[in-house]
Amino acid sequence: MSDFYTKVYAVVRKIPKGKICTYGDIAEYIGTKGAARTVGYAMNYSHQVTPFVPAHRVVNRNGLLTGKQHFGTPTLMQQLLESEGVKIINNQIQDFEKIRWKPKGKIL
DNA sequence: CCGATGACTTCTC
DNA sequence: GGAGAAGCCATCG
């Protein structure tokens with residue numbers, strides 16, 4: 001496991017319940033700003049990582065659930081978020097800027 | 001090292 | 001506003 005993945009997972013696991021974060025923010029926080037795509041790539045691996053990584057709390061810059069189809073079912077991601085109090089309309093997070101969360105200080 | 005891949009981002013049309 | 005293309009960077013084989 002590369003440091004990149006480790007940091008990504010560390011940040012994602014720290015996202016509070018009912019909050020969400022973006023790929024770009026995570027990548028930027030880690031230091032690899034342009035590697036937002038790689039963050040998503042790391043999320044794909046999150047299935048084989050323990051403990052569970054709340055990848056459903058990570059969305060793209062528009063608050064759109066672009067990675068929903070990578071869960072079991074295309075509706076699972078939205079269901080998980082809604083069960084945590086996040087409102088979603090048309091695959092887009094409502095009050096996105098309001099519940100948006102960013103890592104503070106050191107995560108490791 | 002190189003080419004291919006990707007759950008991104010931004011610009012253009 | 002949707003679709004296509006280019007830029008970006010880390011990972012994998």
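Predicted model, so just to flag it, every value in this text is computed and none were measured. Letters A, B, ... are given to chains in the order of the sequence lines, protein chains preceding strands, and every chain is numbered from 1.
Considering only side-chain atoms of A:Y41, the nucleotide from C:dA10, B:dA7, B:dG6 that sits closest is B:dG6. Checking B:dA7, C:dC9, B:dT9 against the side-chain heavy atoms of A:H70 singles out B:dA7 as nearest.
A donor atom on one side chain and an acceptor atom on the other are found under 3.5 Å apart for A:H56 and A:E84. No hydrogens or angles considered: a donor-acceptor pair under 3.5 Å links the side chains of A:T22 and A:D25.
The nearest whole Å value for the distance from the CD1 atom in A:I26 to the P atom in B:dT9 is 10 Å. The CG-P distance, from A:N60 to B:dT10, rounds to 10 Å in whole Å. B:dA7 atom C1' lies 15 Å from atom CG of A:L80, rounded to whole Å. Residue A:K7 contributes atom NZ, which lies 10 Å from atom P of C:dT11 at whole-angstrom precision. Residue A:N90 contributes atom CG, which lies 12 Å from atom C1' of C:dG1 at whole-angstrom precision. Put simply, CD1 on A:I93 is 18 Å from P on B:dA7, counting in whole angstrom units. The separation between A:K68 atom NZ and B:dG6 atom P is 20 Å, rounded to whole Å. Atom CD in A:Q92 sits roughly 13 Å away from atom C1' in C:dG1 (whole-Å rounding).
Contact of A:R37 with C:dC8 (side chain to base): a donor-acceptor pair of N or O atoms is detected under 3.5 Å. For A:Y23 against B:dA7, a side-chain N or O and a base N or O form a donor-acceptor pair under 3.5 Å. For A:T32 and C:dC9, a side-chain-to-base donor-acceptor distance below 3.5 Å is absent, hydrogens and geometry of angles not being considered.
Mapping A:R61 and A:V39 onto DNA chain B via the closest heavy atom, the residue that lands nearer the 5' end is A:V39.
Across all strands shown, A:N44 has heavy atoms under 4.0 Å from base atoms, whether or not it also approaches the sugar-phosphate. Within the 4.0 angstrom heavy-atom criterion, no nucleotide atom of any strand lies near A:H56. Nucleic acid contact class of A:A42 (heavy atoms, under 4.0 Å, all strands): none. A:S2 comes within 4.0 angstrom of sugar-phosphate atoms only, judged by non-hydrogen atoms across all strands, and of no base. Within the nucleic acid shown, A:Y45 comes within 4.0 Å of sugar-phosphate atoms alone, with no base atom in reach, counting heavy atoms only.
In this structure, the side chain of A:T73 engages the main chain of A:L76 through a donor-acceptor pair within 3.5 Å. Of the possible polar contacts, one joining the A:Y9 side chain to the A:A42 backbone as a donor-acceptor pair under 3.5 Å is found. A donor-acceptor contact shorter than 3.5 Å is absent between the side chain of A:R100 and the backbone of A:C21.
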